[in-house]
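Both counts, for ligands and for their atoms, begin at 1 and track the order of listing.
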Amino acid sequence: MSEEQRVLRVGVLGAGQISQAAHFEACRKAKNAELYAICDVAEDLLERMFAVHAPRKAYADYDAMLADPDVDAIIIAIADQFHVPMALRALEAGKHVLVEKPMGVTVEESEDLCDAARTTGLVVQVGTEKRFDEGIAFAREFICEEMGEMLALKAWYCDSTHRYTLTDALQPVIEASERARRPEGDPKADLRRYYVLGHGSHLLDTARFLGGEIEVICTQLVEKFGAYCWFSEVGFADGSVGHLDLTIKVRMDWHEGFQVYGEHGSVVGKTYNPWYYKSSDVECFSEKDGTYRRPLGEDGHFFRRQVEGFAEAILEGAPMRGANAEDGLAAVRGMVAMARSAQTGEAVRLSDVEGGV
Ligand SMILES: NC(=O)c1ccc[n+]([C@@H]2O[C@H](COP(=O)([O-])OP(=O)(O)OC[C@H]3O[C@@H](n4cnc5c(N)ncnc54)[C@H](O)[C@@H]3O)[C@@H](O)[C@H]2O)c1
C-alpha cells in the first residue's frame, strides 16, 4: 500500500442481510475507507447491489476478488460456518480481514485463524461492533483508568419476541436471492446452537471487553414456552465474579446491558437494539469526585465506526479498538464452555474446551 494512500479499499464478501443492512453503507460512509468491491455467487443479488452501492468492482468469484491487487482488505459477511476458511484464504492472498461474529464455529478452526493472523502479521478483526458503541467504549475507559480493581460484573443480552417488527421498521428492504450460497442443513434446526453462536458471541465479547479474561463458566439452561434462558456464573482471571444472562426471547422490548462494581466506582449501562444506531446509555460513578458521568455518544453508527477503526489499524498502525483474533477465539471458547456446562451442569474451564458449540 502506498504511503499517500489514506483510504482503505475494502472488498465485501457476501451481499446478504448484514452487508445490505450495515457493511455496504458503513464502507461508503467511512472517512478512511471505500467500498471498492463486492462479491457474491448469487449474480442477481450482486447486480442489484452493484446498482445501488456503485462499488468499483463486482465479483461472482471470491478468488478473482482476492487476486485484485487493489483490494486491501476483505469484510467476511457470509454464514458462520464459512468464516474461517474464507478468512484464511484472504490472509493467504495478503489481505487484511474483518470477519463477522462469531469468528468461527469450533475452537480448532478459530485457533488456526489466530495462528494465521500471527504468522502473516495482517490485521484480523472480529465484527463484534458493540466495541464501537461510544457508551460501551466510555465504560471500558472508565473501568481501565479510574475504577480500580473489579469486584463483579453482570451482563445481559435478551432478544425480544418483537425484534423483527422493530428491525423491519428500521432496516432497508433486504433483497434476497434463490441462488445465495448457504451452509448444508438448516442452521436453525438446532436453536440452542444457533442462539449461542448468534447472540452469545456478542454477550461474551462485551463481558470480556469490560471485565477482562474469563476463566471458568458454569451455566444453567432452562427452556420453557419456546424461550431459552442461559444463566452463567463466570470467574474472571482477576478473581472477580460475573453473571451472564442470555435469554432468547424475552416477552418485552430488547433488553441488553451491564453493571460493573469496582473499587473506586461503578458502571451501569443500557444497550439498545443495534438498528436504532443509538449509543448505550452509560453512567459511571466515581468515588473520587462523588459524581456520575454520562456520555452523549451522538455517533451511534457502530458499523461505520467499526470499519473506521479497522482502517486506522491498517493504515496508521493504530492500536486495534475492535476485537482481534485472540478475542474472537476467547469468545468461541466461552460459547463452547457455556454449551458444555449447560449439558453437564459442571463448571467448565475455557482453557479445556474442544470442538464446537
Ligand atoms: N454483527 C452483527 O450484529 C450481525 C448481525 C447479523 C448477522 N451477522 C453475521 O453476518 C454473517 C452473514 O449473515 P447474513 O444474514 O448476511 O447471511 P446471508 O446468508 O443473508 O448472506 C450471505 C451471502 O454470502 C454469499 N456467499 C456465501 N459464500 C460465498 C462465497 N464463497 N463466495 C461468494 N458469495 C458467498 C451468499 O450467496 C449470500 O448471498 C453471519 O455470520 C451472521 O452471524 C452479524
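Legend: salt bridge (Lys or Arg N to Asp or Glu O under 4.0 Å) pairs involving residues 184-198, not counting sequence neighbours, sorted by first then second residue: Arg192-Glu223.
Proximity of atom 3 (O) of ligand 1 to the protein is indicated by at least one non-hydrogen atom lying closer than 4.0 angstrom.
Contacts between Thr128 and ligand 1, counted as non-hydrogen atom pairs separated by less than 4.0 Å, are absent for every part of the residue. Using a 4.0 Å cut-off between heavy atoms, Ala77 contacts ligand 1 through its backbone alone, with no side-chain atom that close. In Leu13, the part holding a heavy atom less than 4.0 Å from any atom of ligand 1 is the side chain. Residue contacts with ligand 1 for Arg181 involve both N, CA, C or O and side-chain atoms from C-beta outward (heavy atoms, distance under 4.0 Å). Under 4.0 Å from ligand 1, heavy atoms of Lys101 appear from its side chain as well as its backbone.
Set against the non-hydrogen atoms of Ala180, the atoms of ligand 1 under 4.0 Å away are 37 (O), 38 (C), 39 (O). Close contacts between ligand 1 and Gly127 involve ligand atoms 1 (N) [criterion: under 4.0 Å to a heavy atom]. Set against the non-hydrogen atoms of Leu45, the atoms of ligand 1 under 4.0 Å away are 39 (O). For ligand 1, the atoms sitting less than 4.0 Å from at least one non-hydrogen atom of Gly16 are 16 (O), 20 (O), 21 (O), 23 (C), numbered in the order shown with element in parentheses.
Centroid-to-centroid, the aromatic rings of Tyr157 and Trp230 stay 6.0 Å apart or farther.
The existence of a salt bridge linking Glu354 and Arg340 is excluded, since no basic side-chain nitrogen approaches an acidic carboxylate oxygen closer than 4.0 Å. Salt bridge status for Glu312 with Arg305: absent, with no side-chain N to carboxylate O gap under 4.0 Å. Ionic pairing of Glu283 and Arg293 is not present here: no N-O contact between side-chain nitrogen and carboxylate oxygen is shorter than 4.0 angstrom. Classification of Asp205 and Lys130 as a salt-bridged pair fails, no side-chain N sitting under 4.0 Å from a carboxylate O. The pair Asp281-Lys270 fails the salt-bridge criterion, with no side-chain N (NZ, NE, NH1 or NH2) lying under 4.0 Å from an Asp/Glu carboxylate O. Arg89 has a carboxylate O that lies under 4.0 Å from a charged side-chain N of Asp63, or vice versa, which qualifies the two as a salt bridge.
The protein non-hydrogen atom at the shortest distance from atom 19 (O) of ligand 1 is Arg182 NH1, 2.7 Å. Here the heavy atom of the protein found nearest to atom 17 (O) of ligand 1 is Gln17 N, 4.5 Å. Residue, atom and distance of the protein heavy atom nearest to atom 41 (O) of ligand 1 are Asp80 OD1, 2.5 Å. Among protein heavy atoms, the minimum distance from atom 1 (N) of ligand 1 is reached at Glu129 OE1, 2.8 Å. Counting protein heavy atoms only, atom 16 (O) of ligand 1 is closest to Ile18 N, 2.8 Å. In this structure, the protein non-hydrogen atom closest to atom 39 (O) of ligand 1 is Asp40 OD2, 2.6 Å. Atom 44 (C) of ligand 1 has as its closest protein heavy atom Glu100 OE1, 3.0 Å.
Inspection of the His83 and Glu109 side chains reveals no N or O donor paired with an N or O acceptor under 3.5 Å. Looking at Glu100 and His23, their side chains do bring a donor and an acceptor atom within 3.5 Å of each other. There is no side-chain donor-acceptor pair under 3.5 Å between Gln20 and Gln171.
When only interatomic distances are considered, the shortest N/O to N/O separation between Trp275 and ligand 1 does not fall below 3.5 Å. Remark: ligand 1 and Ile78 share an N or O pair separated by less than 3.5 Å (distance only, no angle test). For ligand 1, none of its N or O atoms has an N or O atom of Tyr62 under 3.5 Å away. The distance criterion of under 3.5 Å between nitrogen or oxygen atoms is not met by Gly14 with respect to ligand 1. Residue Val41 has at least one nitrogen or oxygen atom sitting less than 3.5 Å from a nitrogen or oxygen atom of ligand 1, judged on distance alone.
Of all heavy-atom pairs spanning Cys27 and Ile75, the tightest one is SG-CD1, 3.7 Å. Between Val307 and Ala30, the closest heavy-atom pair is CG1-CB, 4.0 Å.
The shortest heavy-atom distance from His202 to ligand 1 is under 4.0 Å.
The only option from Val41, Leu13, Ile18 that meets the side chain to side chain contact (heavy atoms under 4.5 Å, CB included) definition with Ile78 turns out to be Leu13.
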